[in-house]
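Report on the structure given below.
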Number of protein chains: 2
Amino acid sequence: MEYLEKLGGQAAAVKQELQRLATKQKNQALIRIAGALVDRQEQILTANCRDYEIAQTGGMARGLLDRLKLTPERIEAMAEGLRQIAGLPDPVGEVMESIDRPNGLHIQKIRVPMGVIGIIYEARPNVTADAFGLCFKTGNAVILKGGRDAFYSNQAIVRVIRETLGELGICADAIQLIEQNDRAVTTAFMQMKQYVDLLIPRGGAGLINAVVANSTIPVIETGTGNCHIYVDEDADLSQAIPVIINAKTQRIGVCNACESLLIHKKIADRFLPELGRALQERHVEIRGDQTVMDKIPGSLQATEEDYGTEYLDYIVSMKTVSSVEEAIAHINRYNTGHSDAILTENEAHMEQFFQGVDSACVYANASTRFTDGFEFGFGAEIGISTQKLHARGPMGLKELTTYKYIIKGNGQIRP
Amino acid sequence: MEYLEKLGGQAAAVKQELQRLATKQKNQALIRIAGALVDRQEQILTANCRDYEIAQTGGMARGLLDRLKLTPERIEAMAEGLRQIAGLPDPVGEVMESIDRPNGLHIQKIRVPMGVIGIIYEARPNVTADAFGLCFKTGNAVILKGGRDAFYSNQAIVRVIRETLGELGICADAIQLIEQNDRAVTTAFMQMKQYVDLLIPRGGAGLINAVVANSTIPVIETGTGNCHIYVDEDADLSQAIPVIINAKTQRIGVCNACESLLIHKKIADRFLPELGRALQERHVEIRGDQTVMDKIPGSLQATEEDYGTEYLDYIVSMKTVSSVEEAIAHINRYNTGHSDAILTENEAHMEQFFQGVDSACVYANASTRFTDGFEFGFGAEIGISTQKLHARGPMGLKELTTYKYIIKGNGQIRP
């Protein structure tokens, strides 16, 4: 794969330059690039039209077409994203620890860029600018492999960024796009361990599993969310319906949307009919166990598979449970380690749930929809990590860095 | 693989119990186990004899036989390791961040155990107790796959630990040993992503590469060290020889031993003959470039392969360079991201080296042999990470934990 070797070598060659860029220089570049994206939007929109027409002719589903589509407003949002990243603190260079050893060695733990980050994503052209912004701000070179359906859009966006970097005297190879839409190339990219320090797949479960199975580069898994809400016997039921409706329906296609509800058996009689009506009014299909079917007319039988499914749709699975322990066990069996909530006024149940549920974000009495870099106050995010290594939950700028130890001595040897 | 499924399920079942153990309980258990290892050393030594005899008959190399061998002193050292772990602070439960959001959400970032850690290692029975101690202290269940040549030793050590845990009323499945010595079982173990949260290979490059290539579980690579020392034109040459001799010969078989020397051309005339004599007096074979061969009688020609080799032996590669930039470029090409040093009195060169060398530990004017959890003041370590994700350099207790976000609300929904 000569082509990939070339990209890898170019990314490696630009690492040191990027690492040395001053924060001010990086911020100015991000703002200039934001301006250039808006100024040159005609080029981007033309390229996007081309992608859109091909996708439409090819019969792409409506939801995906919507994610692919760019408009002047969406380009402005991309630019605004870059301006916001420019406004965030630069984590690079932070002295995380400083240790003086009895033998006179002075050790510093310093935050540094990862080096080269690879991002594999689907046909969402906004990710192109967004991923670049986060990687660039943290001093990383980025190699992007976008979905083939957004190929021309990505090419146009990357061209604007590269040309603007060039005008600023910064090496354009800070961002590179893999322009070969061949699955074998993508697989080979996942094994470029000698050049790429971190690989982040952004997309659905299929994409993520393929990357995990094939990559030799360390991967951070992001974004699959089979999120639960457990309504405890001691829940404030007046809060429960607004929270559930928000978590399920405020935006159905996102990873922090609720996909499954657990209801304590003791409140089934009082709560299920009302909950069923509220969901059905919003056109949510309910798939539940026998108790659920008995209490909610029009609900369907849930299968085992339902409990493990991230619908990203107007569907919710529902199950009645006899205790907080049973709720925790069910969640740990079926969830994806993303976000799960308990609704309860009982402090002991809340603590049990906080400790027992093995997820990045565990909520009490709030919608799961808050799992998001902005909502946590971190600013922009590269994704929501559902693994435990390195980063968990919303990944902001810090999570795109690593550290090194710098040790100064005056001739110390180990006895 | 029913056998592995069973171990995985048992480890998962004990996770919550381990997570809830109080620090005091964990420390007492570690001390009790330390005592039991010493008290029951006959069983362990008998099992070890059996391994040793089989290995000796099978023609195992002397260095490996030495690593396999247990003695009363070595068992006491294992016990002392556990007592030291008992004395270290418990990282679990630490509130790492606390965030109050304008909407009233209260977010806490809490340090928690990883869950289940898998460790694959070679025929070094001391790793068995050591790995258990670190995982147990951090509230993790551990599944061990030790080298088949240490099978009976590992079995005996694990039995003592499990029985002592049982006596203390702690579930013995906190430690499990894979007792099937079949490569297919080991490969299947690397893909038990549903049960194992982190996989740490401890051993040589072959083992590590096999794990990286086959694992779907997140891996931390440890322990391969092609460590360099660069002697700058502005080095204090009176310091240089003791530091180099220490880094190369104090202990040859360890990952932080020096394997390659870079010497500035300007000091070649003055320094190389003396350096050559010092190394040769200690029976170190020198493989160098033309300048090295000209200045050091008895030195051999180095190949490209030499520069990429971690010898773990009385051999060193050597190259002359024209600048600190050339030294940095050479190191970044051939090193393993472990430990590299510059010897110089020139602050600008030192800073350039600190920034430019892409390794976990970058030294000025000290031996690379200090890359070690104890030497850094972290206490016991599970290994030296040579990757950038999650942990870099010496990995102590904190590096065996992850975090979760706990979010308390009172009915917040996302607008």
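Chain A is the first sequence line, chain B the second, and so forth, proteins listed ahead of strands; every chain is numbered from 1.
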If I compare all heavy atoms of [X] with all of [Y], which pair ends up nearest, and what's the gap?
{"X": "B:Phe374", "Y": "A:Arg101", "result": "O-NH2, 3.5 Å"}
{"X": "A:Lys388", "Y": "B:Asp197", "result": "NZ-OD1, 3.2 Å"}
{"X": "B:Arg392", "Y": "A:Tyr403", "result": "CD-O, 2.7 Å"}
{"X": "A:Cys361", "Y": "B:Ile407", "result": "CB-CD1, 3.8 Å"}
{"X": "A:Ala366", "Y": "B:Gly409", "result": "CB-CA, 4.4 Å"}
{"X": "B:Pro415", "Y": "A:Gln250", "result": "O-NE2, 2.9 Å"}

Could you give the distance from CD1 (A:Ile107) to CZ (B:Phe370), rounded to the nearest 0.5 Å? 9.5 Å
Spacing of B:Gln387 atom CD and A:His390 atom NE2 [to the nearest 0.5 Å]: 10.0 Å
Top contributor to chain B interface from [options] [non-hydrogen pairs under 4.5 Å]:
{"options": "A:Pro242, A:Gly356, A:Ala213", "answer": "A:Gly356"}
{"options": "A:Val112, A:Leu105, A:Ile406", "answer": "A:Ile406"}
{"options": "A:Val243, A:Thr216, A:Asn410", "answer": "A:Asn410"}
{"options": "A:Val362, A:Asp372, A:Asp358", "answer": "A:Val362"}
{"options": "A:Leu389, A:Asn209, A:Thr402", "answer": "A:Leu389"}

Leading residue by heavy atom contact count with chain A [cutoff under 4.5 Å; candidates [options]]:
{"options": "B:Gln19, B:Arg20, B:Gln412", "result": "B:Gln412"}
{"options": "B:Glu375, B:Glu399, B:His106", "result": "B:Glu375"}
{"options": "B:Ser359, B:Ser367, B:Ala329, B:Ala360", "result": "B:Ala360"}
{"options": "B:Arg251, B:Lys109, B:Glu345, B:Lys193", "result": "B:Lys193"}
{"options": "B:Asn246, B:Val219, B:Leu343", "result": "B:Asn246"}

Below 4.5 Å from any heavy atom of chain B, which atoms of [X] appear? Answer side chain, backbone, both or neither.
{"X": "A:Gln108", "value": "neither"}
{"X": "A:Gln239", "value": "side chain"}
{"X": "A:Ser339", "value": "neither"}
{"X": "A:Asn256", "value": "side chain"}
{"X": "A:Gln355", "value": "both"}
{"X": "A:Ile413", "value": "both"}
{"X": "A:Ala391", "value": "both"}
{"X": "A:Asp236", "value": "neither"}

Would you say B:Lys404's side chain and A:Phe354's backbone share a donor-acceptor pair under 3.5 angstrom? yes
Check whether any side-chain N or O of B:Arg414 sits under 3.5 Å from a backbone N or O of A:Arg369 as a donor-acceptor pair, and report yes or no. yes
Less than 4.5 Å apart, side chain to side chain, heavy atoms only: is that true for B:Gln16 and A:Ile328? yes
Between B:Ile110 and chain A, which part of the residue has a heavy atom less than 4.5 Å away: side chain, backbone, both or neither? neither
Measure B:Asn214 against the heavy atoms of chain A and call it side chain, backbone, both or neither at under 4.5 Å. neither
For B:Phe376 and A:Tyr405, take the angle between the two ring planes, folded into 0 to 90°, and tell me which bin it lands in: parallel under 30, tilted 30 to 60, perpendicular over 60. perpendicular
